[in-house]
Amino acid sequence: MHRCPVEDMLGDIGRAVAWADNLASQAAIGEEVRFAMQVCLEEVLANVVLHGRAPAGPKDIVIEFEQRAPGAALIVSDNCLPFDVTAGQTNPQAQSDANSGGRGLRLLHAFSTGLRYRRDGERNVLKMIFEPPA
Amino acid sequence: MQLLVQEMPNGITKAALVGRMDIDGAGAVDMRFNVLAGSSSKLVVDLKEVSFLASMGLRTLMVCARSMASKGRKMAISSPQPNVEKVLRSSGMDEVVSIYPTFDVASAALSG
């Protein structure tokens, strides 16, 4: 398991996506799956940075990379208020966003093999699974 | 990310993107799209040379499309690579902007 903290700023998302893609490349994961991982990771991180609200103090955002041959899983966790993207909710803070209306969720479903959300104490934990097409 | 803008003889503005339309790429061209939305009456955004598109790139295109539509102006997208087209269609962008296989087809559609 590899772990990478992410700053609460849009400007750090590119670094985080590159970090995950580098690990995927080292794990010999195919281009199509790597593309899907990048799409989903940027979507989720942008949502947390733009719309997540930590109840007290700064946001703490962490991504983890887990190899699951022949694919991988990405886990994004944060200390923001509960928000289950897999339930089809639109983040209340994102109502006026151009990507609102469930577009982000549609992207996540289209590009990941599986999405699992859980609340772990004070943290949102979203696990995204990526496997190559059969 | 590069944005190459060309005024065509038939009144179409061609905006050709080159590179990755990721969060950094979108940031690099966002302001220029705002200008295009205000200055073009018929805009074709050509994605032939775009290898990646995700959340913030979609947002840039969506804001431009909605701004143009609100003023009665037309926008289309042309020539997306297969993975980029999957992003456009699975996000529902194709419900807001028509997507065409080539620039010429998009240009004809907006001219008609």
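In what follows, chains carry the letters A, B, and so on, assigned in the order in which the sequence lines appear, proteins first and then strands, with residues in each chain numbered from 1.
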**OP:** Kindly check if the number of other-residue, nucleotide or ligand heavy atoms within 6.0 Å of CD (E32(A)) is above 12?
**Re:** no
**OP:** Decide side-chain contact (heavy atoms from CB on, under 4.5 Å) for C64(B) and M75(B); before the verdict, give the C-alpha distance in whole Å, the side-chain angles of both, and the deciding distance to 0.1 Å.
**Re:** CA-CA 8 Å; C64(B) 183; M75(B) 173 176 157; 3.9 Å; yes
Original post:
If you group Ile, Leu, Val, Met, Phe, Trp and Tyr by side-chain heavy-atom gaps below 4.5 Å, do I12(B) and L3(B) land in one group?
Top reply: no
Original post:
If we only count heavy atoms from C-beta on, is the Q38(A) to R20(B) side-chain gap below 4.5 Å?
Top reply: yes
**OP:** Step through the shown structure and confirm whether more than 12 heavy atoms of other residues, nucleotides or ligands are within 6.0 Å of CD on Q26(A).
**Re:** yes
Subject >> K86(B) side chain reached by F111(A) side chain, heavy atoms, under 4.5 Å >> reply: yes
Original post:
Would you say V33(A) and I129(A) are hydrophobically clustered, going by side-chain heavy atoms of ILVMFWY under 4.5 Å?
Top reply: no
**OP:** State, to 0.1 Å, how close F83(A) and N47(A) come at their nearest heavy-atom pair, and which atoms those are.
**Re:** CE2-ND2, 3.4 Å
Subject >> Non-hydrogen atoms of P82(A) and N124(A) that approach each other most closely >> reply: CA-OD1, 3.3 Å
**OP:** Taking heavy atoms only and a threshold strictly under 4.5 Å, list by residue number the residues of residues 87-101 of chain B that touch chain A; give 'none' if the list is empty.
**Re:** V87(B), R89(B), S90(B), S91(B), G92(B), M93(B), E95(B), V96(B)
Original post:
With a 4.5 angstrom heavy-atom cut-off, which part of L61(B) approaches chain A: side chain, backbone, both or neither?
Top reply: neither
Original post:
Is the side chain of E42(A) donor-acceptor paired with the backbone N or O of M56(B) at a distance under 3.5 Å, no angle test?
Top reply: yes
Subject >> Atom of S70(B), atom of S67(B) and distance for their closest heavy-atom approach >> reply: OG-O, 2.7 Å
Original post:
Listed by residue number, which members of residues 21-44 of chain B have a heavy atom under 4.5 Å from any heavy atom of chain A?
Top reply: D22(B), I23(B), D24(B)
Original post:
When only heavy atoms count and the cut-off is under 4.5 Å, which of residues 58-81 of chain A reach chain B?
Top reply: none
Original post:
Given that the side chain runs from C-beta out, which part of S51(B) has a heavy atom under 4.5 Å from chain A: side chain, backbone, both or neither?
Top reply: backbone
Original post:
Is the backbone N or O of L115(A) less than 3.5 Å from a side-chain atom of T86(A), with the two atoms forming a donor-acceptor pair by type?
Top reply: no
**OP:** Among the options L41(A), L107(A), L108(A), pick out the one with the most heavy-atom pairs lying under 4.5 Å from chain B.
**Re:** L107(A)
**OP:** With chain B as the partner chain, list the residues of residues 7-15 of chain A whose heavy atoms fall under 4.5 Å from it, by residue number, and write 'none' if nothing qualifies.
**Re:** L10(A), I13(A), G14(A)
Original post:
So is K48(B) actually on top of F103(B)'s ring, under 6.0 Å and inside 45° of the axis?
Top reply: no
Subject >> Side-chain heavy-atom pair D46(B), S78(B) within 4.5 angstrom cut-off >> reply: yes
